[in-house]
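To start, the structure itself, in structure tokens.
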Number of protein chains: 2
Amino acid sequence: MTTINDIAQMANVSRTTVSRALNNSGYVSEDVRRRIMQIVEETGYMPNQSAKSLRTKRSGVIGVILPRLSTETSTRVVNGINEVLAKEGFQILLTDTELDKQKEIDYIRLLKSRHVDGIILLATNVNEALIQTIQQVDIPVLAIGQELPGVPSLVYDDYHAAADLTNMLVRKGHEKIGFIGVTRDDPSVGVLREQGYRDMMQQHGHQINEAWIGEGDFSIESGYEQVKTILRNSKSDRPTALFAVTDRMAIGAIEYLKEQGYAIPEDIAVVGIGASMMSKYMTPSLTTIDYHNKEAGKQAAHLLLRQLKNEKIDPKFELSYRLILRDSV
Amino acid sequence: MTTINDIAQMANVSRTTVSRALNNSGYVSEDVRRRIMQIVEETGYMPNQSAKSLRTKRSGVIGVILPRLSTETSTRVVNGINEVLAKEGFQILLTDTELDKQKEIDYIRLLKSRHVDGIILLATNVNEALIQTIQQVDIPVLAIGQELPGVPSLVYDDYHAAADLTNMLVRKGHEKIGFIGVTRDDPSVGVLREQGYRDMMQQHGHQINEAWIGEGDFSIESGYEQVKTILRNSKSDRPTALFAVTDRMAIGAIEYLKEQGYAIPEDIAVVGIGASMMSKYMTPSLTTIDYHNKEAGKQAAHLLLRQLKNEKIDPKFELSYRLILRDSV
DNA sequence: CTGAAAGCGCTTACAG
DNA sequence: CTGAAAGCGCTTACAG
């Protein structure tokens with residue numbers, strides 16, 4: 001492996017000068033610079049990043065913490081992040097918490113020890129230990145998806161998205177709307193989306209039968225199981241529409257409904273959130289909310305980059321969304 | 001940031017000893033070890049990885065080069081890789097070539113300069129410059145999806161998968177089978193899959209009308225466009241079945257066929273490859289091949305790990321696949 | 001415009 | 001069982 005010393009020797013200058021030429025810092029005569037660059041070209045020399053990082057305390061690496069590696073949402077966000085960061089010469093160090101709260105914390109510390117310049121955290125829950133760890137490590141962190149106190153956060157407008165979806169169903173004549181949510185440990189998906197639904201139902205004067213409410217775990221299977229339970233428990237007072245807080249759960253629900261011979265949307269309308277690829281191509285196509293995840297990723301990267309430049313940024317950014325009306329309602 | 005020196009001072013030993021205790025190398029008295037570990041616990045000390053890496057030439061990071069960040073295939077493979085690697089304490093440094101051959105090469109060099117211990121390359125093409133670069137950097141590389149000369153490769157059995165699919169269609173009574181492939185720059189998807197199809201057609205004595213053949217670019221849209229062209233150009237001699245070499249292109253094709261009022265599979269049968277999530281939930285559900293991508297990722301990680309331990313491994317591993325028969329045929 | 005020297009935080013022969 | 005010292009490959013005041 002050729003080092004800066006080799007280059008210096010070959011160019012007949014000190015390594016100080018090579019470093020300056022490479023980093024465009026300080027004066028280097030045009031003549032010498034050309035000579036150095038030529039040799040760098042020829043040898044294909046690349047500075048050792050560990051050494052550089054050890055010395056400068058910066059690494060050119062951004063850590064990304066994901067709740068799940070293999071969901072469309074995560075993928076899109078990472079894609080957006082990468083698009084912006086790659087252009088600025090940053091690499092992404094990826095970690096997957098598998099929805100484990102402890103891992104979320106462990107990874108923040110780990111990324112710190114790896115000298116990442118910043119962290120983008122796709123948060124799924126909010127707790128004291130997490131916040132505290134972030135303060136401790138003292139590197140720029142940007143949260144996506146949850147509002148983390150003291151951490152610049154990019155959030156989806158979960159409340160209004162859910163409210164809009166509910167209003168839309170009501171406008172279509174539905175009064176009995178079922179709901180499949182997730183754990184309230186997840187403030188955004190678990191709490192805000194349900195709140196939007198409940199508030200709108202109340203506002204329109206529609207009573208909610210608690211038998212219509214289910215709690216899934218984000219998986220397709222849980223959507224399937226929850227709608228089964230809901231239908232079993234509400235025989236005489238069935239909902240005419242169903243609001244699943246994620247596309248995947250909506251897909252599971254539709255699978256069950258189709259199996260049971262229900263016509264969608266005639267017998268029961270279904271909506272989700274996420275604008276997954278499948279929502280578009282399934283039959284019937286699914287009415288859902290597009291959260292522009294890739295844009296979110298890009299914006300997150302930009303915001304983090306601004307933090308790295310020590311710019312002050314707002315503590316909270318709200319993202320836009322779009323309701324996509326399709327055949328399932 | 002606390003360093004090994006701080007710990008040494010607090011424990012009243014040299015940093016040599018602290019290092020030994022931390023890495024379980026050489027002798028350290030039980031007494032001293034306990035004292036050190038206690039302090040490490042309390043302070044939450046984590047060794048600086050850049051320093052460690054500079055010194056040991058190992059980083060605990062594996063580079064992964066992807067053709068696209070946001071495809072189901074990539075995601076599943078990465079998921080498998082991560083599952084194995086995380087358990088061994090490795091992190092993943094992710095790069096996305098966006099199907100750009102030059103970037104593939106650039107990233108290999110870049111990852112080298114970042115001291116990654118090894119690289120897993122999801123290859124989409126094979127060329128001299130790429131092979132040469134891999135030899136140059138001289139770190140363990142493992143290829144998935146293409147057979148790279150001189151590089152241990154984990155490959156899908158594209159030829160037989162395509163052959164099986166074709167045979168299955170023939171067995172169902174189809175003699176006129178259309179085909180949507182991709183560029184031959186991609187030896188696996190572009191060449192082998194087409195070869196499997198053509199060989200089986202010939203073997204069964206079924207003439208191929210070249211108007212039935214289209215070339216897409218992996219995208220859903222290209223499947224849509226290609227089937228449109230195929231149908232336009234084969235008016236009097238339409239295929240009764242269509243083999244798209246990826247699920248996404250099959251999905252695009254089906255979209256067009258449904259729009260045009262064709263019944264699937266009655267008017268025309270469609271098959272793909274990939275076992276995407278959508279293939280299962282779309283209507284009609286898609287007959288396809290499952291390549292067990294996550295398993296591939298896991299196996300790739302294991303093989304790379306073995307290389308890191310300087311074990312000799314075979315130059316080529318062939319993965320298994322499974323045909324999933326569904327409603328589209 | 002250029003270079004000598006110190007130092008980033010580790011590990012590892014070597015000596016005791 | 002323990003420590004002093006060298007060195008990994010860089011950058012950056014400092015001096016000229």
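Here is the naming used below: chain letters follow the sequence lines, and residue numbers restart at 1 for every chain. None of these values were measured; they are calculated from a predicted model.
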Test item: side-chain donor near acceptor, B:Gln307 and B:Glu311, under 3.5 Å
no
Check this for me: B:His292, atom NE2, are more than 12 non-hydrogen atoms of other residues, nucleotides or ligands nearer than 6.0 Å?
yes
Among D:dC1, C:dT2, D:dC8, the nucleotide that comes nearest once only the side chain of B:Lys57 is considered
D:dC8
A:His115 NE2 - D:dC10 P separation (whole Å)
17 Å
Out of C:dC10, D:dC8, C:dT2, which nucleotide sits closest to the side chain of B:Leu54?
D:dC8
What integer distance in Å separates A:Gln49:CD from D:dC8:C1'?
15 Å
When we call it a touch if two heavy atoms are under 4.0 Å apart, what does A:Thr16 touch: a base, just sugar-phosphate, or nothing?
base
Hey, is the side chain of A:Ser14 poking within less than 4.0 Å of OP1 or OP2 on C:dA4, counting only N and O atoms?
no
Report the residue (B:Ser25 or B:Ala51) whose heavy-atom-nearest nucleotide on DNA chain C is the more 5′ of the two.
B:Ala51
Just N and O in the side chain of B:Tyr45: are any of them under 4.0 Å from OP1 or OP2 of C:dC10?
yes
Is any side-chain N or O of B:Asn23 closer than 4.0 Å to OP1 or OP2 of C:dT11?
yes
When you get a sec, tell me which of C:dT11, D:dG3, C:dG7 is the closest nucleotide to the side chain of A:Arg15?
C:dG7
Among side-chain atoms of A:Ser70 and B:Asn79, is any donor-acceptor pair under 3.5 angstrom?
yes
Nucleotide nearest B:Tyr27 (side chain, heavy atoms from C-beta), chosen from D:dC1, C:dA13, C:dC10
D:dC1
B:Thr17 side chain: which of D:dA6, D:dG3, D:dC10 is closest?
D:dG3
Phosphate OP1/OP2 of D:dT2 contacted by B:Ser29 side-chain N/O (<4.0 Å):
yes
I'd like to know if A:Arg55 reaches the base of C:dG9 with its side chain, counting only an N/O donor and acceptor under 3.5 Å.
no
Take atom CD1 of B:Ile4 and atom C1' of D:dT2, then tell me their distance rounded to the nearest Å.
14 Å
Pick the closest DNA chain D nucleotide for B:Val32 and for B:Thr56 by heavy atoms, then say which residue is nearer the 5' end.
B:Val32
Whole-Å gap separating P (C:dT11) and CG (B:Asn5)
11 Å
What is the distance, rounded to the nearest whole Å, between atom CD of A:Gln9 and atom P of D:dC10?
14 Å
Measure CZ/A:Arg20 against P/D:dT12 and give the value in whole Å, please.
11 Å
Flag if over 12 foreign heavy atoms under 6.0 Å of CZ, B:Arg58:
no
Give none if D:dA13 has no partner; otherwise give the nucleotide forming a Watson-Crick or G-U wobble pair with it, both distances under 3.5 Å.
none
Counting only side-chain heavy atoms from C-beta out, which of C:dG9, D:dT2, D:dC10 sits nearest to A:Lys52?
D:dC10
Which whole-number value in Å describes the distance from B:Asp6 CG to C:dC8 P?
11 Å
Any side-chain donor paired with an acceptor under 3.5 Å for B:Ser74 and B:Thr71?
yes
Whole angstroms only, please: what is the CD-P distance between B:Glu30 and D:dT2?
10 Å
Side chains of B:Arg184 and B:Asn125: donor-acceptor distance under 3.5 Å anywhere?
no
